[in-house]
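Fair warning: this is a prediction, and the values are worked out from it, not measured in the lab.
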Amino acid sequence: RMGKTSDLSDFERGLVLLCCVPQGVEEDTAAVSAPWLQDCLVSLSPCSDLMVVAKGSKAVFLSAKWRSDDGGREGMALAVSWSGTLSTDEGESVSNVICIPLASQKRSSTGRPDWTCIVVGFSSGYVRFYTESGVLLLAQLLNEDPVLRLKCRTYEIPRHPGVTEQHEELSILYPAALVTIDGFSLFQSLRACRNQVARAAAAGSEVVQPPPLAYKKWGLQDMDAIVDHSSVGIMTLCVFDQMRNASILGGFHASVKGSLPAMSQYITVGGGPYTGFYYAIEGSSQPLLSHVALAVASKLTSALFTAASGWLGWKKQNEEEPTQKQKPKVEPATPLAVRFGLPDSRRHGESICLSPCNTLAGVTDDFGRVMLLDVGRGIAIRMWKGYRDAQLGWVQVSEGRGESSPSAPLPRRHAQFLVIYAPRRGILEVWGTQQGPRVGAFTVGKHCRLLYAGYRLMGVNSVTSQGWQLHTQQVCLFDPATGALRTVTVPFHLALSDKKSERAKDLHLLKRLTTLLKSRDEAQRVLLDIKHPAIKKQALESLLANKNAPVSCLTNITRLLLANREAVDEALLQLCSSQLKLLQLYTDIQQLHSTVEASTDAHTKPVSAEPLRIHTHFVLLSSLGSKINFHSKSKFTLTITRQLSYWLEQLTSGSRPSVSFAQDSPDASLSVRGFLSQMEYCVVVYPVGSFLFWGCLTGESPLQKVCDTLQETGISPQHLLSLLLSVWLHREKEVLKKPKAVRHLHTLLTALSSMKGAVESSWDMQCVSPWWQQVRSACVQSHSAAAALLAAIVAHRAAKVNITSLAETKFQSEWEAVSLELEQWAVCVRQLEDVLALQTLLCVAPLKGTPGGATPHCSVKALLEGGRGCIADSVAKWVFRQDLAPEGLKDMLQRRGEAQRTEQVCVFCVPPELLVSVCQRFPDSLSPDLLFAHCCWEYVVQWNKYPEVCWVRQYRIVFNIHAVFPQCISSMMWNTFIVKRFSAAAFLMEKVGKAPKERLCRRDVGMGDGAMTSFLGSCVELLQILMEADSGIEEVTPPELCVEEVWGGAEGPASIVELALEQRGIHYPLVQHHCLLATLLHTAMTFNLRVKPLSLFDSKGKSAFFRELVSIQLMPSGDMDPGLVSLRQEFLLRVLTGWVKTQSEAGMAPASTRLDLESGDEMWPSLCLDLGTLLQVNPDILRRHLVCELYNQGLDPRAEQVMLEVEDKDVLGSQLLVLTGQRLSYSLLHTQTQTKPAMELLARLPPTLCTWLKAMDPSELGCPSVPLSQTSRLVSRLIEILPENHGQYSLALHLLEAVEVLQGED
């Protein structure tokens, strides 16, 4: 097959002609347009992305580009990217050219070339390397004769383990010499040269000439003329061939080496002999590097000296480069004698073309023959006549994955075809080798050029080629008249004999069938032409799986195969029979739907059922309830109806955005391909069920006719029941909008139950029926709570009618039948009612910005497998998403108790009533203690995910739980989530020695400094809850965990409450020890104090921290070290100072800007006193410090209250006396405007008092501007608490007198 790959436009062809025709030569356009290509050198890259056309000294480079034709169709075309003159020496012309794509070295490469190098040989002997843009990379003179041929060999993965791996190589043929360049070194040199040229162009500097290439040069002897060659590669002779050659060359006494020599084989064509075979033993000739060292030294030295002189300013501006070029030295060739040849004195070879596997070669001669050579044996094995000026190429085809027989060993087979283009006859032929027939012939133009590269990408090896798909063409035909470039593709099966090619031909027809499926007649003809049964079955399956194949075409083909039973095996016959039944079913159902739709559209008008929806459901459920004998019928029907109505409002409210696709919409039509594939494997999927039963459920299709049609197909009733339930449960929203669907479902269930094989006639009523158990299994597994409940009610009714009829048949009694089946249905219906209520609650939209994940979908099966705590856990997650406060949750549960006492039915309208209703349905699973415990656990779990939010404080809900639970739940919370962050906070503060900042808190604790402060306060409260709960736990008996009767079969993981009750009792001193540390950490963070909290404890206290609270640890006891007590006292004093400052700042701030901060709470002084008791610090010292700090900040009324609790009045009086002196000193000496009475008072004061006041430092006062009335009251209090025999009592009297004088003057 010949496929068109790319085109040359008329503009590009004109450029090619202009560039290739020498100047001064004028020819007729018609005369030039036909044979111009015969005089040009043409080379095409194996990747078909670059073409080079050269003639004389000029060349044109054409690159692949996307273009649009006149019709708007886009395609790949070759456009001129560069044109110009390549020759640099006078009289020099291009003698040969090839394009070598270089592989990319990037890891992301998939086999595309990085860039393409153009190698050009000249008549002067030079070989030059260019980029796609015509930039010269490298030039080297290898011989002084013209370059005859340039050929390349690239890496190929060995197909067999014994095949020698061939290395990459570039070979250059001269009239009497052959030069080979190693591909790896050439690849590295070209990449380096390209990078150096790019850097020089970017920097604007001169390009440093690279060193010459290393090569091997062989002098080919014993041939009169050589015009073409092929480098076969490295080969190793077998032992027999080695001994034979040694015996022929050396005689009887010749010696044979133990190791087989590796040789490089070269084949040349020309004259005398016609074909020559040369063998060069590896290692016999080293690469020619004698002149390389000299050239490298001279060029690099000159280049570096020139660059350095330019950098350093030594080079003069008028200094010029030498214009004379010295011709490089040419190394002599290593002689290489011909081993043997094909002598024919009159025949002269013209070209040789090596096969891709290096085993065969095609040779053309001047007699118009094409000869096929066996390269390994050196003999001619086939000859074609009448192909003068022929051009050759090879096509290698791999066997397809499915073409080999199952017993065929790996690897896959390969076939080779010889492509011969005869220009004088204008024909292109494809021949199978070695002795194969002609498999293809094409009539082409007489002026075309067959382009065969014979190589792929350079730079590929066994490592880099793993997983690559090399995008290369093997043979292309270029037609200069039309500008078309076509490729030749051959199927693999053409290489097989007639007997073996039948299966391969069928596979080829199978591939062709996939492209012809849109044409019915053509596809049908191709399918019937396939002979092999297995492939015919595969073709039929492909045809049935095609989405564009119409039903009529599939039916006709299947019937034809059934009619032709002689050509169809048993397996294919069964497939055709089953598929024909399914196709007939598809056609019948489709006709029934279309007939009813047409009649409905013609005679009826659409009526909205929305106003009647709730009432109709009420009537239907009332009738069903009366027949099922529910207790309290009206109450049951009212509750279920309200549940369904509220659930439908939840489904249609659109509270959550969603994305849907057209193919997933409920009304999307089911293709025949999907119907067949899903019915064949009995897959229970919604689209098939919707196709079969949705029209019946909506009343748009005749129920009885559909049921009769389904029964005739032979499909099992169980499969049909699964399909019916799938569509019912999947389209819940539509079902609730169509009230009559309940009656239609009842009719369908009854019809399916009456089918043969549905309900067994031998069924014992005291056993569970598999038929109805299938319905219950589908309902309990479904997440569509409302649809499952309706289906269960309908199935319950149908099952009861069925059981009643069987009982009347067997017993003929008027007694009502009681069976295990009805009990199962009663339990199932009650469970589905509970699930509907729970699902309705869970689907209430959460508050915006509240995390917690997606809304869970529950089912009966999920609740039974989730364990006894699954229901409480689901409601706890809902409570978290609603962000309900503990007090609000407690009020809701109190309303639940009132509703239970009054036996009221809750109305489903708002979330509180929904929650109360759910709690009424689950009185045991959602008891207040269990619900509070699960809510507490859910809050701390969410806090662990989002520690910045203070949800951990919601554990206060534990106060409302049974007395046994607080300790258990708190202990689990501490061990699971809190102790890790708590210890990180303690170690961080111990490390930095102060309250850490934001960055450090986030790095070590995982939260900011503000959140960490709140977290530490929560830790204090949690540990206090543990201690309070432990004190009264011995007086309370543990509660019993119960579940509702219908949910007694729940099995699964243990609930949180069950795990909590298994916790051991805590060690009270250890909890108190941790509470003390938590209080210290919280205090330091609140007032931003410098402290190392762990340093306030001795070694025993440090080692007891962060242990399990149930363990017995060695706690600190006895008197502490005085130095440790001093550190504790200093810390507590700083706490009191910080608290007083916050009180003073809060009092001075405007009322509108005051914040109700926790640091301003009155609990801090009492907390410090309690801490002093625990830390063995004298509380009286703390009280005296607090009094002084309050007076220091001007908070005299608070100080007087605390003063009453101070025990050591003498020390307090001395401290307050100094503070009073600082106040008077500020009033008399340090005010900016000193009054005259104040100066006169200073003059009347006793000298000792005046000196003492001057020694006071008022800057230590936090609030120096205090009213004189407060200072007078302070002095009066001093005189009261100081005894008369005190050393400073007289000083206090003088102070009182001075204050009274100042107060009187004011």
Requested in this report: Would you please name every residue forming a side-chain contact (heavy atoms from CB on, under 4.5 Å) with Leu748, sequence neighbours left out?
Outcome: Phe693, Cys696, Leu697, Leu703, Cys707, Leu724

Query raised in the report: Between Val844 and Gln882, what is the shortest heavy-atom contact and its length?
Result: O-NE2, 3.5 Å

Query raised in the report: Side chains of Arg1064 and Glu1108: does their closest heavy-atom pair fall under 4.5 Å?
Result: yes

**Report entry** Residues which pass side-chain contact (heavy atoms from CB on, under 4.5 Å) with Val801, listed by chain and number, not counting sequence neighbours
**Finding:** Arg797

Query raised in the report: If you take all heavy atoms of Ala778 and Leu729, which pair is closest and at what distance?
Result: O-CD1, 3.6 Å

Could you tabulate the donor-acceptor pairs under 3.5 Å formed by side-chain atoms of residues 1041-1060, not counting sequence neighbours?
{"from": "Glu1044", "atom 1": "OE1", "to": "Ser925", "atom 2": "OG", "distance (Å)": "2.7"}
{"from": "Glu1044", "atom 1": "OE2", "to": "Asp924", "atom 2": "N", "distance (Å)": "2.9"}
{"from": "Glu1044", "atom 1": "OE2", "to": "Ser925", "atom 2": "N", "distance (Å)": "2.9"}
{"from": "Trp1047", "atom 1": "NE1", "to": "Asp834", "atom 2": "OD2", "distance (Å)": "3.0"}
{"from": "Ser1055", "atom 1": "OG", "to": "Glu1058", "atom 2": "N", "distance (Å)": "3.3"}
{"from": "Glu1058", "atom 1": "OE1", "to": "Ser1055", "atom 2": "N", "distance (Å)": "3.1"}

Report summary line: So salt bridge (charged side-chain N to carboxylate O under 4.0 Å, His left out) across residues 787-796, not counting sequence neighbours, yields none

Report summary line: Sorted by chain and number, sequence neighbours left out, salt bridge (charged side-chain N to carboxylate O under 4.0 Å, His left out) with Arg1107 holds for none

Report summary line: With sequence neighbours left out, the residues meeting side-chain contact (heavy atoms from CB on, under 4.5 Å) with Cys1075 are Val1020, Leu1023, Gln1024, Met1027, Thr1079

Query - With Ala791 via side-chain contact (heavy atoms from CB on, under 4.5 Å) - residues at least two apart - result: Trp728, Leu745, Cys779

Show me the donor-acceptor pairs within less than 3.5 Å that the side chains of residues 978-985 make with the rest of the protein, sequence neighbours left out.
{"from": "Arg981", "atom 1": "NH1", "to": "Val1005", "atom 2": "O", "distance (Å)": "2.8"}
{"from": "Arg981", "atom 1": "NH2", "to": "Asn944", "atom 2": "O", "distance (Å)": "3.3"}
{"from": "Ser983", "atom 1": "OG", "to": "Val979", "atom 2": "O", "distance (Å)": "3.0"}
{"from": "Ser983", "atom 1": "OG", "to": "Lys980", "atom 2": "O", "distance (Å)": "2.9"}

Query raised in the report: At what distance, to the nearest 0.5 angstrom, does OG of Ser917 lie from CG of Leu841?
Result: 9.0 Å

Requested in this report: Looking only at non-hydrogen atoms, find the nearest pair between Ala799 and Trp825 and report the distance.
Outcome: CB-NE1, 3.5 Å

Report task. Report yes or no: does Ser859 contribute a side-chain atom to a donor-acceptor pair with the main-chain N or O of Ala862 at less than 3.5 Å? Result -> yes

Query raised in the report: Got Cys870 and Asp873 here, is their nearest side-chain heavy-atom distance under 4.5 Å?
Result: no

Report task. Please check if the side chain of His796 supplies one atom and the backbone of Ala826 the other of a donor-acceptor pair under 3.5 Å. Result -> no

Query - Partner set under ring pair (Phe, Tyr, Trp, His ring centres under 6.0 Å) for Trp937, not counting sequence neighbours - result: Phe977

Requested in this report: Go through the structure and list residues passing ring pair (Phe, Tyr, Trp, His ring centres under 6.0 Å) with His1073, not counting sequence neighbours.
Outcome: Phe1097, Phe1105

Query raised in the report: If you take all heavy atoms of Gly869 and His934, which pair is closest and at what distance?
Result: O-CE1, 3.6 Å

Query - Nearest non-hydrogen partners of Arg881 and Leu842, listed with the distance - result: NH2-O, 3.3 Å

Query raised in the report: Can you list every pair that meets salt bridge (charged side-chain N to carboxylate O under 4.0 Å, His left out) and has a residue in residues 768-784, with sequence neighbours left out?
Result: Arg776-Glu821

Report summary line: Residues Leu1026 and Ser971: closest non-hydrogen pair is CD2-N, 3.8 Å

Query raised in the report: Quick one: does Ser1014's side chain have a donor or acceptor within less than 3.5 Å of a partner on Ala1011's backbone?
Result: no

Query raised in the report: Is Glu732 paired with Lys737 through a side-chain N to carboxylate O contact shorter than 4.0 Å?
Result: no

Query raised in the report: Are Cys936 and Met973 side-chain neighbours, meaning at least one heavy-atom pair lies under 4.5 Å?
Result: yes

Report task. Could you list the residues that satisfy side chain to side chain donor-acceptor pair (under 3.5 Å) with Gln824, not counting sequence neighbours? Result -> none

Query - Note, Cys1019 side chain near Phe1015 side chain (heavy atom, < 4.5 Å) - result: yes

Query - Donor-acceptor contact below 3.5 Å, side chain Thr750 vs main chain His746 - result: yes

Query raised in the report: Within the side chain of Glu938, is there an N or O that forms a donor-acceptor pair under 3.5 Å with the backbone of Phe880?
Result: no

